[in-house]
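Following: one structure in C-alpha cells, then a few remarks.
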Amino acid sequence: MTAAHDLEEIVDLFAIGRPSRNPDLMPVKIATLPLKKAVALVIEDWSDDKFRQLSAIIQRRSGPAIRSLDDIKHLHDCAIAGTGCCGKPARRSDS
C-alpha cells in the first residue's frame, strides 16, 4: 500500500547537471516549492529538454525522493485532474 502524496507539501527540486557543465554530475538545487508546482515545472517547462526531465529529483521532507519521470508524470496527471494521488501509478494486470 502506498501513502497519498500531499500536492501542497514543500519540496526541493534538483537536476543532475550535464557532464559539460558539471563533471561530477552532482545534483543542483533548482527551487523549493510545493510538490504540485515542482511536477508542473518538470513536465511542462522542461518538456523540450528530455535530458533535464530525466535528471529531475524531487526531494520530499515527508518521505523518499521522487526520481522516476513516470512517477513525476503520474503526480502531474493527478494535479491536473485535481484528485488525490498515491505514491505510484496503479499497475494494470493483464488477467
Side-chain angles (χ1 to χ4, degrees):
M1 177 178 278
T2 58
H5 288 302
D6 175 4
L7 293 174
E8 297 303 320
E9 176 184 4
I10 300 299
V11 299
D12 293 323
L13 174 61
F14 292 86
I16 299 172
R18 294 181 190 270
S20 62
R21 293 184 192 161
N22 187 347
D24 296 331
L25 293 177
M26 296 296 294
V28 176
K29 186 173 178 179
I30 304 298
T32 300
L33 59 170
L35 178 58
K36 182 177 183 174
K37 290 185 180 183
V39 297
L41 180 66
V42 172
I43 300 303
E44 296 171 10
D45 293 357
W46 295 1
S47 63
D48 62 337
D49 188 342
K50 191 67 168 179
F51 180 88
R52 195 169 188 189
Q53 281 187 311
L54 291 171
S55 70
I57 300 170
I58 298 175
Q59 182 62 55
R60 301 169 49 227
R61 289 168 173 84
S62 66
I66 302 165
R67 296 175 178 267
S68 162
L69 182 57
D70 288 338
D71 290 345
I72 293 171
K73 285 179 180 176
H74 173 71
L75 288 170
H76 181 257
D77 291 344
C78 291
I80 296 296
T83 61
C85 282
C86 292
K88 294 195 178 213
R91 303 284 184 219
R92 212 180 71 172
S93 71
D94 294 324
S95 53

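This structure is a prediction, so every number in the text was calculated from the model and none was measured.
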Does L75 reach the side chain of I58, with side-chain heavy atoms less than 4.5 Å apart? no
Taken to the nearest 0.5 Å, the spacing of E8 CD from L33 CG works out to 10.5 Å
Are more than 12 heavy atoms from other residues, nucleotides or ligands located less than 6.0 Å from atom CZ of R60? yes
Would you say that R61 contacts D12 through its side chain, given a criterion of any heavy-atom pair below 4.5 Å between the two side chains? yes
Exercise: identify the closest heavy-atom pair between A56 and L13: CB-CD1, 4.5 Å
Work out which heavy atom in P27 is nearest to a heavy atom in I57; give both atom names and the distance. CG-CD1, 4.5 Å
Can you see which heavy atom on A79 is nearest to which on K36, and at what distance? CB-CG, 3.8 Å
For a 4.5 angstrom cut-off between non-hydrogen side-chain atoms, does I72 reach W46? no
Quick check for you: to the nearest 0.5 Å, what is the distance between S55 atom OG and I30 atom CD1? 8.0 Å
Close side-chain approach of Q59 and K29, heavy atoms under 4.5 Å: no
Can you find a pair of side-chain heavy atoms, one from V11 and one from P34, that are under 4.5 Å apart? no
In the structure I gave you, are the side-chain heavy atoms of V42 and L69 within less than 4.5 Å of one another anywhere? yes
Where do V39 and I66 land on the side-chain contact (heavy atoms from CB on, under 4.5 Å) test, with the steps shown first? CA-CA 10 Å; V39 297; I66 302 165; 6.0 Å; no
Under 3.5 Å, is there a donor-acceptor pair between the side chain of R52 and the main chain of A15? no
Report yes if the side chains of I80 and H76 come closer than 4.5 Å at any heavy-atom pair, otherwise no. yes
Distance in Å, D48 CG paired with Q53 CD, rounded so as to fall on 0.5 Å steps: 8.5 Å
